[in-house]
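The shown structure was predicted, so the numbers you read here are calculated from the model rather than taken from an experiment.
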Amino acid sequence: MTIETYEKAFLALGGATLTAVLLVLLYTSVGIDIHLPTRVAEVDPATVRTTPPFDQPGVRQTGPRQYEAVMLGQAWTFLPQEIRVPVGAEVTFTATSPDVIHGFFIAGTRVNMMLIPGQVSRQTYTFRRRGEYALICHEYCGLGHQGMIGRVIVE
């Protein structure tokens, strides 16, 4: 075999890998509707606790079978720590952090956001099954990180 043959094989392998990655990206974004959480607004981290809607975190009904859950991730807790929604409800999570970067992951769902100070993140999910879902911080946020958990109860 010559060097040119190896180069052609390496280029073909690189092209095939790039094509495979692009196809997976297309499938996840269009086929199964996975998107990056949107950055919808900015808020001053120093005044976030007095800025609507974060001055009153919790769940509010916004329409038939539609809810908004306003959440804060702060060292080392979620506010509120527990939310309750009915089965079949479409819940829009609006969240931020006043202190450091936190993770916002609801186990068993595709809800997965980073809570960055000053950035408001939003993601919508429909809970189709009853149960209790763990809300977990998946970004190391300091000494109490391992205890930063909450829960979503679908009734």
Side-chain angles (χ1 to χ4, degrees), residues 14 17-155:
T17 302
L18 181 59
T19 301
V21 167
L22 290 174
L23 288 172
V24 168
L25 181 62
L26 181 67
Y27 172 70
T28 57
S29 63
V30 176
I32 56 177
D33 195 32
I34 294 178
H35 302 282
L36 291 173
T38 58
R39 178 181 180 167
V40 295
E42 292 185 10
V43 63
D44 182 3
T47 61
V48 70
R49 289 182 188 89
T50 59
T51 305
F54 300 105
D55 57 340
Q56 296 179 358
V59 179
R60 300 176 247 310
Q61 188 166 5
T62 58
R65 316 276 312 147
Q66 294 180 328
Y67 295 81
E68 180 182 35
V70 176
M71 310 276 303
L72 280 172
Q74 63 184 28
W76 291 284
T77 188
F78 291 106
L79 292 177
Q81 280 194 308
E82 176 182 296
I83 65 168
R84 293 177 179 269
V85 294
V87 69
E90 178 184 271
V91 182
T92 299
F93 294 93
T94 303
T96 192
S97 168
D99 49 23
V100 298
I101 295 176
H102 295 283
F104 188 95
F105 174 68
I106 301 176
T109 73
R110 62 177 172 77
V111 177
N112 187 354
M113 301 186 290
M114 286 183 66
L115 306 183
I116 300 171
Q119 176 179 313
V120 178
S121 297
R122 183 172 289 149
Q123 190 171 6
T124 301
Y125 185 76
T126 301
F127 290 91
R128 303 201 186 282
R129 289 183 292 158
R130 288 180 180 3
E132 188 174 306
Y133 297 80
L135 172 58
I136 302 164
C137 177
H138 58 70
E139 292 288 331
Y140 181 74
C141 55
L143 293 175
H145 165 73
Q146 73 281 357
M148 189 170 172
I149 56 172
R151 60 187 182 162
V152 177
I153 298 173
V154 181
E155 306 173 309

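- Applying the salt bridge (Lys or Arg N to Asp or Glu O under 4.0 Å) test to every pair with at least one member in residues 92-105, sequence neighbours left out, gives no pairs at all.
- F93 has its ring centre no less than 6.0 Å from the ring centre of Y125.
- Looking only at distances, no side-chain donor or acceptor of T92 sits under 3.5 Å from a matching main-chain atom of T124.
- A donor-acceptor pair is defined here as one N or O able to donate and one able to accept, closer than 3.5 Å; such a pair exists between the side chain of Y140 and the backbone of G142.
- Q123 places a side-chain N or O within donor-acceptor distance of the main-chain N or O of R110, the cut-off being under 3.5 Å.
- For R65, there are no salt bridge (Lys or Arg N to Asp or Glu O under 4.0 Å) partners at least two apart in sequence or on another chain.
- With a 6.0 Å radius and a threshold of 12 heavy atoms from other residues, nucleotides or ligands, L143 has its CG atom at or below the threshold.
- Between C141 atom SG and Q146 atom CD the span is 9.0 Å, to the nearest 0.5 Å.
- E90 pairs by the salt bridge (Lys or Arg N to Asp or Glu O under 4.0 Å) definition with nothing, not counting sequence neighbours.
- In terms of the side chain to side chain contact (heavy atoms under 4.5 Å, CB included) criterion, residue partners of E139 (sequence neighbours excluded) are, by chain and number, I101, M114.
- Shown here are the side-chain hydrogen bond (donor to acceptor under 3.5 Å, both in side chains) partners of T94, two or more places apart in sequence or in another chain: E68, R122.
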Going through the checks in order, is the salt bridge (charged side-chain N to carboxylate O under 4.0 Å, His left out) test met by R130 and E155?
CA-CA 5 Å; R130 288 180 180 3; E155 306 173 309; over 6 Å; no
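- Rounding to the nearest 0.5 angstrom, the gap separating the CD1 atom in I116 from the CD atom in E42 is 10.5 Å.
- Residues passing the salt bridge (Lys or Arg N to Asp or Glu O under 4.0 Å) test with R151 are E82, E132, sequence neighbours excluded.
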